[in-house]
Number of protein chains: 2
Amino acid sequence: MEPYKLFDAEYKFTCLIWDNEPINSTDLVKLSQAVLGWKKSTTYTVLRKLCKRGILKNEEATVTSIVKKEDAQKYESQMVVEKSFNGSLPQFLTAFLGGKGISNEEAEELKRIIEEATKS
Amino acid sequence: MEPYKLFDAEYKFTCLIWDNEPINSTDLVKLSQAVLGWKKSTTYTVLRKLCKRGILKNEEATVTSIVKKEDAQKYESQMVVEKSFNGSLPQFLTAFLGGKGISNEEAEELKRIIEEATKS
DNA sequence: CCATTGGGTTTATTGAGATAAACCTCTTGT
DNA sequence: ACAAGAGGTTTATCTCAATAAACCCAATGG
């Protein structure tokens with residue numbers, strides 16, 4: 001498995017940690033129960049797998065992330081562009097915007113982001 | 001299942017059809033064998049499922065698509081933005097570009113696409 | 001005639017993601 | 001002394017995507 005790949009359930013779960021770390025493992029069990037409807041054993045099972053893969057860490061009942069949200073998101077975004085759009089960001093953008101329009105403000109924000117990434 | 005959702009294997013398979021339609025079903029079997037390494041039964045099994053879901057059509061041994069590539073890609077792009085980026089395209093772009101830069105030409109192309117989608 | 005090929009369907013098998021039941025150990029309050 | 005709770009692990013179930021084996025029938029060319 002590639003380093004950062006998170007499956008759907010794993011992603012939702014890891015989001016809880018990103019938003020609340022550092023978090024005590026028993027509290028995490030309660031949070032998962034509340035937000036995802038998971039039983040205690042489910043939480044620990046998923047947690048252990050993510051720790052084994054180097055995504056999370058659980059030390060003395062304190063859970064933190066090793067891989068950060070930005071890195072996981074970056075990986076995710078690049079995977080989808082690669083797999084479904086020939087690695088072409090323009091193709092992705094075209095498909096996403098396909099047909100519908102965006103507001104001027106949104107357009108400005110997007111262009112600003114692009115500016116920022118442009119090598120002078 | 002949502003209308004346009006294609007799983008990995010289904011997507012690769014449907015790409016063959018998008019790129020070659022209309023295509024005779026026996027030829028499609030050969031093509032799937034060559035490109036994907038699939039057996040005949042695999043091709044027919046997947047084909048039948050996609051027909052049942054209204055994605056493809058197989059009439060008198062001629063296979064064509066009902067859902068077009070642009071529509072499937074649009075769906076795919078919107079799903080990933082929704083599921084992993086709070087539905088925010090800027091968040092997606094930021095993550096995708098994260099750190100690395102792009103060339104001037106790429107930037108221009110992206111801005112042109114954005115221009116085009118901007119309601120005046 | 002009957003072997004081959006085209007055009008399929010029916011029924012399995014496998015593998016993995018998602019979820020949890022059952023169990024275990026240690027500590028602590030009463 | 002013991003119930004309860006914290007902090008887990010082991011083992012299992014269920015669903016479903018991915019893939020295919022085995023079978024079926026009609027047409028056809030030698």
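The chains referred to below are lettered A, B, ... by the order of the sequence lines, with proteins before strands, and numbering in each begins at 1.
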Original post:
Are the side chain of A:Gln73 and the backbone N or O of B:Ser84 linked by a donor-acceptor pair below 3.5 Å?
Top reply: yes
Subject >> Sidechain-backbone polar pair: B:Arg53 side chain, B:Lys5 backbone, donor-acceptor under 3.5 Å >> reply: yes
If I take atom [atom1] in residue [X] and atom [atom2] in nucleotide [N], what distance separates them, rounded to the nearest angstrom?
| X | N | atom1 | atom2 | result |
| --- | --- | --- | --- | --- |
| B:Lys49 | D:dA17 | NZ | C1' | 7 Å |
| A:Gln33 | C:dT19 | CD | P | 12 Å |
| A:Arg48 | C:dC24 | CZ | P | 16 Å |
| A:Glu60 | D:dA6 | CD | C1' | 14 Å |
| B:Arg53 | D:dA17 | CZ | C1' | 10 Å |
| B:Phe7 | C:dG15 | CZ | C1' | 15 Å |
| B:Leu50 | C:dT9 | CG | P | 13 Å |
| B:Leu28 | C:dG6 | CG | P | 14 Å |

**OP:** Could you check if a side-chain atom of B:Leu16 sits within less than 4.5 angstrom of a side-chain atom of B:Trp38, using non-hydrogen atoms only?
**Re:** no
Original post:
Under the side chain to side chain contact (heavy atoms under 4.5 Å, CB included) test, which residues partner B:Asp8, sequence neighbours left out?
Top reply: A:Lys83
Subject >> Separation of A:Ser88 OG from B:Glu109 CD (nearest 0.5 Å) >> reply: 6.5 Å
Subject >> Of residues 10-21 of chain A, the positions that come close to DNA chain D - non-hydrogen atoms, cut-off under 4.0 Å >> reply: none
Original post:
For C:dG6, does OP1 or OP2 lie under 4.0 Å from any side-chain N or O of B:Asn24?
Top reply: no
**OP:** With a 4.0 Å heavy-atom cut-off, tell me which residues in residues 35-44 of chain A come close to DNA chain C, sorted by residue number.
**Re:** A:Gly37, A:Trp38, A:Lys39, A:Ser41, A:Thr42
Original post:
What about B:Phe96 and A:Phe92, are their ring centers closer than 6.0 Å?
Top reply: no
Of all the nucleotides listed ([options]), which has the minimum atom distance to the side chain of [X]?
| X | options | answer |
| --- | --- | --- |
| A:Ala61 | C:dG8, C:dA20, D:dG7 | D:dG7 |
| A:Asp8 | D:dG8, C:dA18, D:dT19 | C:dA18 |
| A:Lys30 | D:dA18, D:dA6, C:dT19 | D:dA6 |

Subject >> Contacts of type salt bridge (Lys or Arg N to Asp or Glu O under 4.0 Å), residue A:Glu108, not counting sequence neighbours >> reply: A:Lys111
Subject >> With sequence neighbours excluded, residues passing salt bridge (Lys or Arg N to Asp or Glu O under 4.0 Å) with A:Lys39 >> reply: none
**OP:** Scan residues 60-75 of chain A for pairs that pass salt bridge (Lys or Arg N to Asp or Glu O under 4.0 Å), counting only residues two or more places apart or in two chains.
**Re:** A:Glu21-A:Lys68
**OP:** Classify the side chain of B:Thr45 versus the base of D:dA18 as yes if they form a donor-acceptor pair under 3.5 Å and no if they do not.
**Re:** no
